[in-house]
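Convention: sequence-line order gives letters A, B, ...; per-chain numbering from 1.
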Protein chains: 2
Amino acid sequence: MSTLSTKERILNTTEQLIADKGFSGISIRKISHAAQTNLAAINYHFGNKQQLINAVLERRLNNLFDIRQKMLNDLNQGKKKACVLEQVLHAFIAPALYMINDKNQGGKTFMLVLARAYAEQGEYLHQLMTTRYTNTIKKFADAIHRSVPHLDKETVFWRFHFIIGSLTYAMSDFGASSISKQMSESDYFNRSVDELIQFAVQALQA
Amino acid sequence: MSTLSTKERILNTTEQLIADKGFSGISIRKISHAAQTNLAAINYHFGNKQQLINAVLERRLNNLFDIRQKMLNDLNQGKKKACVLEQVLHAFIAPALYMINDKNQGGKTFMLVLARAYAEQGEYLHQLMTTRYTNTIKKFADAIHRSVPHLDKETVFWRFHFIIGSLTYAMSDFGASSISKQMSESDYFNRSVDELIQFAVQALQA
DNA sequence: GTCTATAAGCCGATAGAC
DNA sequence: GTCTATCGGCTTATAGAC
């Protein structure tokens, strides 16, 4: 931990501060202080504040969509024609939720950042979603449609859209309030994965 | 329009600016300029910035939950025992979406504000939801459970939670990007109401 | 109620020493 | 690569005239 470079410390600290306080609650002054460095170091490594935020987002988003795409590819490999709905939804939802649960990698913190970014509708994230990741999202929509061919294509797209909303909302809820405070964090997480996938399956089945 | 008091102009302007730029994008200087008044007037009428934001939220939230509660009461009046799932969900979802469509009342603008507020997990809104409105939310959860008695209570609560997420996400999407840019705003809205309610019904049925 | 003027402080960015 | 010092600008809040 103590061997992290200044650049890595700045990225991790920024991620944590955005998760805690939101994009509106951060300043590069606070970040530099929390990362035990100084203002100039941040501008030296990242240029300016916006490029720092972009770096925090990009560091993990590519990884998330790579995992989703790979899991989808693995499904399609065995059986080209039919898609099992539950497996497709699992390939989309689980990587996000498991990233939350991977405490060592800081994925939980990032998912809180991502939930906030979705909500703020920032131009940068919106641009990423409609360019770099739009291909993967469309492939998932197609795979879902193939698993429920009796639904028309537009309905599938709407419901996939709503499910992304549920996932986003669920993500932003981790770390905040639990529905039942009697559950441990780990139990709450595992229950969420199951409930969300079953919810999504049910919403798309006939 | 021109007969609005300074206080009303400040509230309307603040609502609009939050919808456009987010809570992080506003300042009482910008608000005072857009409302064609001055800094001191805002502090005179509202005390400080946070109280102004609270006033914007409270002005319409009571109205929204009153309508939801009233629609639910009307349903229960006729038939005390059974609840039709679709009608209960309609009583919860439709008031929010129709408030969006009521252009004269500025409800659409407020729904964008509300979607941002949900996402930011601000303390004030969270406090309101877990105190003033928690009663209505529980009554809806109970009514939903009575309409799908074969599901266990916890599952119902989880899925209701996810549906709120979908609704929030859908709301924040209005005014931003349309799924199909060929649709008019009005068509897009009506389609959203139908699709969201059908989505919710499907997600909760056996 | 409305306004101007001002106080006191945080902001991002950069120049320049080491 | 890391740091201090500093610039110009924007922020909230308030004092006091009208």
Please give, in whole Å, the distance from C:dT14 P to A:Ile42 CD1?
-> 14 Å
Would you kindly give the OH-to-P distance between B:Tyr44 and D:dA13, to the nearest whole Å?
-> 17 Å
Would you say a side-chain N or O of A:Asn43 is under 4.0 Å from OP1 or OP2 of C:dA13?
-> yes
Please work out if A:Ala41 contacts a base, only the sugar-phosphate, or nothing of the nucleic acid, heavy-atom cut-off 4.0 Å.
-> nothing
Should A:Arg191 and B:Trp158 be marked as a side chain to side chain contact (heavy atoms under 4.5 Å, CB included) after you check the CA-CA gap, both sets of side-chain angles, and the distance that decides it?
-> CA-CA 10 Å; A:Arg191 182 74 189 262; B:Trp158 278 93; 3.5 Å; yes
Candidate nucleotides C:dG12, C:dT4, C:dT2, ranked by approach to the side chain of A:Lys49 - the nearest | C:dG12
Could you state the atom-to-atom distance from CG of A:Leu39 to P of C:dA17 in whole Å?
-> 19 Å
Using 30° and 60° as the class limits, which term best fits the ring planes of B:Phe199 and A:Phe199: parallel, tilted or perpendicular?
-> perpendicular
B:Tyr133 and B:Phe65 aromatic ring geometry - parallel, tilted or perpendicular at 30°/60° bounds | parallel
Taking the six-membered ring of B:Phe46, is NZ or CZ of B:Lys7 closer than 6.0 Å to its centre and within 45° of its axis?
-> yes
Rounded off to whole Å, could you give me the CG-to-P distance for the B:Leu4 and C:dT2 pair?
-> 13 Å
Spacing of A:Arg29 atom CZ relative to D:dC10 atom P, expressed in whole Å | 16 Å
Answer yes or no: does a side-chain N or O of A:Ser27 lie under 4.0 Å from OP1 or OP2 of C:dC11?
-> yes
For C:dG12, take OP1 and OP2 only and decide whether either is under 4.0 Å from a side-chain N or O of A:Asn48.
-> no
Nearest whole angstrom, please: distance from the C1' of C:dC3 to the CD of B:Gln36.
-> 15 Å
Which sits closer to the 5' end of DNA chain D, A:Ser5 or B:Gly47, going by the nucleotide each is nearest to?
-> A:Ser5
Checking all strands, does A:Lys7 fall into the base, sugar-phosphate, or nothing category for heavy-atom contacts under 4.0 angstrom?
-> nothing
Between D:dT2 and A:Thr6, is there an OP1 or OP2 to side-chain N/O distance shorter than 4.0 Å?
-> yes
Does B:Arg146 pair with B:Asp142 as a salt bridge, N-O distance under 4.0 Å?
-> no
Check the distance between D:dA13's P and B:His45's NE2 and give it to me in whole angstrom.
-> 16 Å
Measure from CD1 on B:Ile10 to C1' on C:dG1 and round the result to the nearest Å.
-> 11 Å
Compare the minimum distances between each of C:dG12, D:dA13, D:dC3 and the side chain of A:Thr37, then state the nucleotide with the smallest one.
-> D:dC3
